[in-house]
Amino acid sequence: MDLNSLTLRSAQEMLRSKQVSSVELTQAMLDRIHKIDPQIQAYMTVTDELALEQAHQADERLAHGDNVTPLIGIPFGVKDCLSTKGVRTTCSSKILENYVPQYNATVIEKLSDAGAVLLGKHNMDEFGMGSSCENSAYFPTRNPWDLSRVPGGSSGGSAAAAAAGMGLFSIGEDTGGSVRMPAGFCNITGLKPTYGRVSRYGLIALVSSFDSIGPMAREVYDVATVTEAIAGVDGRDSTSAAIPVPQYSQSLGKSVKGMKLGIPKEYFVAGMEAGVESAIHKAIEQFEALGMEIQEVSLPHTKYGLPVYYLILFAEASANLARFDGTRFGLSVRDGAEDVIDVYLQTRRAGFGDEVKRRIMLGAYTLSAGYYDAYYLKAQKVRTLLRQDFEQAFEQVDALIAPTCPTTAFKLGEKTADPLEMYLSDIYVTATNPAGIPSLAVPCGFSQGMPVGMQLMGKHFNEETLFQIGHAYQQVTDWHKQLPPIG
Amino acid sequence: MTSIKYETVIGLEIHAELQTASKMFCGCSADYSSAPEANTNICPVCTALPGAMPVINAKAVEQAILVGLALNCTINPHNTFARKNYFYPDLPKGYQISQYDLPIASEGWLDVPADSGKGTQRIIIRRAHLEEDTAKTFHRGDHALIDYNRAGVPLLEIVTEPDFRSVESALAYATKIRAILRYLGVNAGDMEKGILRFEANVSVRPVGSDEFRTRTEIKNLNSFRALTRASTYEVERQIKVYENGGQIVQETLGWDEARGVTVSQRSKEHAHDYRYFPEPDLPPLELSQAYIDSFHAHLPELPDAKTERFLREYGLKPQDAALLASERSLADYFETVVKQTRDSAQTVCNWLTGALLRQVNELGLSVDAIPVPAVHLAQLIDLAFDKTINGNTAKSVLVEMFQSGRAPKEIVEAQGLGQISDEGVLKEMVIKLIADNPKEVTSYLGGRETLLQWFIGQIARATKGKANSQAVKQLLLDEFEKLKK
Amino acid sequence: MTEHSFQIDADMVKHVAYLVRLGITDEEAQGFSQQFSAIIDYFNLLNEVDTSDTPPATQVIHASMVLREDVAQPSMSREEFLKNAPESEDGYVKVSTVLGEE
Ligand SMILES: [Mg+2]
Ligand SMILES: [Zn+2]
């Protein structure tokens, strides 16, 4: 039995029926990481000892039937922007090279309580700034489907790890497509939940008003199960929503017949790769075959989504990254420094990569006296219009469908020279974050051998509908069952 | 040189730490002054560890509302937090969470004595907003040390319009704000601990002009004395600059207490650009009108109202009434004693503003913690009122009460201090005194009436001052009258 | 060199770099200047949208009055905290000289 090609659901069944122990499962994952990850480089840090210790504890719990949760004994990895107590957390930045948090993020705490087993931390674009995972200050992650290609970003390591069987699920984080775009590039399922659905406490913030922690795994069932475990209000995150968390995994399997699926016409314009477009159209036909009503809708402010997204990102990120000043943790360049201002200047020069530098400088610029109204405030106003677009669309349909990216995974180095071109690869995924709505990425085919992803967008706090539609699709397709040709 | 007369223009910002158990945005203890060591009241939030998030302290909001109402402000039903961005080692996040365009309270006022000396003038309070305090920095040799125990302690910043036309009225306002904050129990007012800090925005202009000239901002004034001296110095400095044909540069100044001068604090030529924007980690505070109104019931009688009532109810002199009303604990103490003594409110007032406060000051005590219970002072006043002891004895008993904490009756009994008013005892002594001093008696009866005082003194000496001198005097006069016949 | 209708010159780049305390060289400022002009130029696209009657959306989810009860909690470990600090002394975090005041 190849443990590395299991889905979370099948592993769950095997653990419960004692066909496999968590230690065996965890060891298989660690073995595979040590065997194939040198080529992919999805992991920044692997926590072998801790993982086996946790797996052992999970086995004890399973043996005694003590608090057997759906995730007990399930090995997973997490993007390196969530604080893990005692485990180095870098955000793939030099400025945090030796930072070891003394507390756990709420999501980590919840998963640990549920008995899930932490395998390690995933590589990412530095502080989540990037769409290819090439902006890691340490090394780029490669796409398990084609090692010359990027896995997408910024949760590139998380997507590659889940796709290549180096963990049964990944915890990613989506600020403007960072779960969905790499999920599409790597042929896995990933959720960007509603803003506020999952606590951000302990997540190293990129954009406080966009950041959404979400699971990535092979199937909708897997993603729904993990979402159930990590969602909910948290007294330490004032923006987390006090709305009950449904039993997502229990409501799968309901028919989608008669539900309405909207096609936002602004998303289907020139610029989309032919293979991507045909895969999406086939998926739409599939939904029609499942009894859904297909309807064209308009999101008239779509083309402003990207500037709105980036302007707000620059502003919030410039403040969120101010705490990396070489005083309390992380890199500190003090040699030859005249005073503390010098330390700031040198530390941040040495510790941040170019993309981070660009974005925080642009943030300072757009917030500056005299520019605030023209950029930051303007973006916040157009943000209202973006949200209204979605609200109006959801008066007509239950969900929207769109590609996760206009292309499939591109080659390493292909877009690094021009930051603006890299920004444009996020064109389909960025508008959801300013609007705060949930979006589920689901594999929907291949274009020239590379995976294509679609996303299903829904109303605030209506993840349930997205899971229902995505699950129905996966019952009649097998794209998500295709595994990358590695190892 | 021209002989233009200049007018002072001052606006005040007061930073008051709120008296909460925990910090503004985290659960760490806010009581940094009694922390045993540096960095022992800290958590991921107030040290700005990556990923930590703020949560608003309900008590700080309540206290801010109380202050806002006490200062006649509008409490804004929709108010929000903002990030004020700047780098400094005492600011761990690289931004301070403060309130900017939508503060919790705005447009209030407070009356202070008019500069003319007659009546009052109204100072307009522009706003009061919630924010967080910074860490403490200590300079040691070529480096600095940081203690985050104070980082994140709730602060209320109260800002006036530039309404003061004299340093005196600014001082009067500051004093009154301190009294009100203490009344509300939201700030203990201990200036030496730095829990109340002033910033003065100072400019001058020719008398008769209504322009606002360039102002300077004097930061971190930690006492009324520093506020007075720094503002006075700055007013005089600016006048001199204008008189010499110069211009005032808008800048931030510090106050050098030792040299008695203001000093420029701008180390880099870059002007501040705080890049305020709404704090995305905190939802807005939406306060319903009913919620805001519920705080009116919690507002205590404030110093001005209390002064008025003391005038009306007890017939005190205005300055006495104001003195007693300046501290809530003193006023409460006063009223408790008045209720428990048979003597008049004026007598109680005399005791409080005289002997009692003298003891409190001499012993360096706070009026919040007068060790003599009100019931004891009432008892003491009654002992004097009943002439069990005389006035001087009563004062020394009070000193003893401060020292031992014992009740006045106990002290009087234990030390045999009770006044001798027994006519029989005194009469015996008087008759003996007359019999023993025939020469002085003859001299008195011969017209040297001043000798009466000498006879009284002799009895006082014999009784160690416990004789009721009024009674002794009457007995002597009676006996002399008999001898005359 | 690409021409942009909008220019952010090297001096402006250096100014904003200083605002976020980022040491950069003159050459780097030149490079960023080009990129920034292109990016901001593209973002000026928002000027076509009429937002005169549109309120800004700071937050998308309408939570409000999320308050914490005023109860003091124990401190985290100072030793653990100082382990991450580049330098410390006597329980304090140590930094280089502080010149001037903010
Ligand atoms: Mg302030
Ligand atoms: Zn704290």
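Lettering of chains follows the sequences in order, A, B, ..., and the numbering in each one begins at 1.
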Inspect the surroundings of [atom1] in [X] and state if more than 12 heavy atoms from other residues, nucleotides or ligands are less than 6.0 Å away.
X         : atom1 : value
Asp335(A) : CG    : no
Tyr100(B) : OH    : no
Lys59(B)  : NZ    : no
Glu13(B)  : CD    : yes

Practice item. Drop me the distance from Leu282(B)'s CG to Thr239(A)'s OG1, to the nearest 0.5 angstrom. Key: 8.5 Å
Check your understanding: Atom CD1 of Ile341(A) and atom OH of Tyr88(B): how far apart are they, to the nearest 0.5 Å?
Key -> 8.0 Å
Considering only heavy atoms, which portion of [X] lies under 4.5 Å from any heavy atom of chain B: side chain, backbone, both, or neither?
X         : answer
Phe210(A) : neither
Asn320(A) : both
Gln380(A) : neither
Ser368(A) : both
Ser83(A)  : side chain
Tyr344(A) : side chain

Check your understanding: Between Val45(B) and Tyr201(A), is a side chain to side chain contact (heavy atoms under 4.5 Å, CB included) present by the stated rule, with each step listed?
Key -> CA-CA 10 Å; Val45(B) 178; Tyr201(A) 187 76; 4.2 Å; yes
Practice item. Without swapping roles, check the side chain of Arg83(B) against the backbone of Ala319(A) for a donor-acceptor pair under 3.5 Å. Key: no
**Study point:** Any donor-acceptor pair under 3.5 Å from Arg328(A) side chain to Leu49(B) backbone
**Key:** no
Check your understanding: Do Phe277(B) and Tyr372(A) make the cut of ring centroids closer than 6.0 angstrom?
Key -> no
Could you report the tightest heavy-atom contact between [X] and [Y], atom names first, then the distance?
X         : Y         : result
Ala322(A) : Phe87(B)  : O-CE2, 3.4 Å
Arg236(A) : Met53(B)  : O-CB, 3.6 Å
Gly51(B)  : Tyr103(A) : C-OH, 3.1 Å

Go through [options] and name the one with the most non-hydrogen pairs under 4.5 angstrom from chain A.
options                                 : value
Leu91(B), Ile146(B), Ile56(B), Val55(B) : Val55(B)
Ala144(B), Ala52(B), Pro54(B), Gly27(B) : Ala52(B)
Pro92(B), Pro50(B), Gly94(B), Pro280(B) : Pro50(B)

**Study point:** Side-chain heavy-atom pair Tyr95(B), Ser318(A) within 4.5 angstrom cut-off
**Key:** no
Exercise for review: For residues Arg275(B) and Tyr365(A), determine if any side-chain heavy atom of one lies less than 4.5 Å from a side-chain heavy atom of the other.
Suggested key: no
**Study point:** Which atoms of Phe25(B) approach chain A - backbone, side chain, both or neither, heavy atom under 4.5 Å
**Key:** neither
Point to revise | Which atoms of Asn85(B) approach chain A - backbone, side chain, both or neither, heavy atom under 4.5 Å | key: side chain
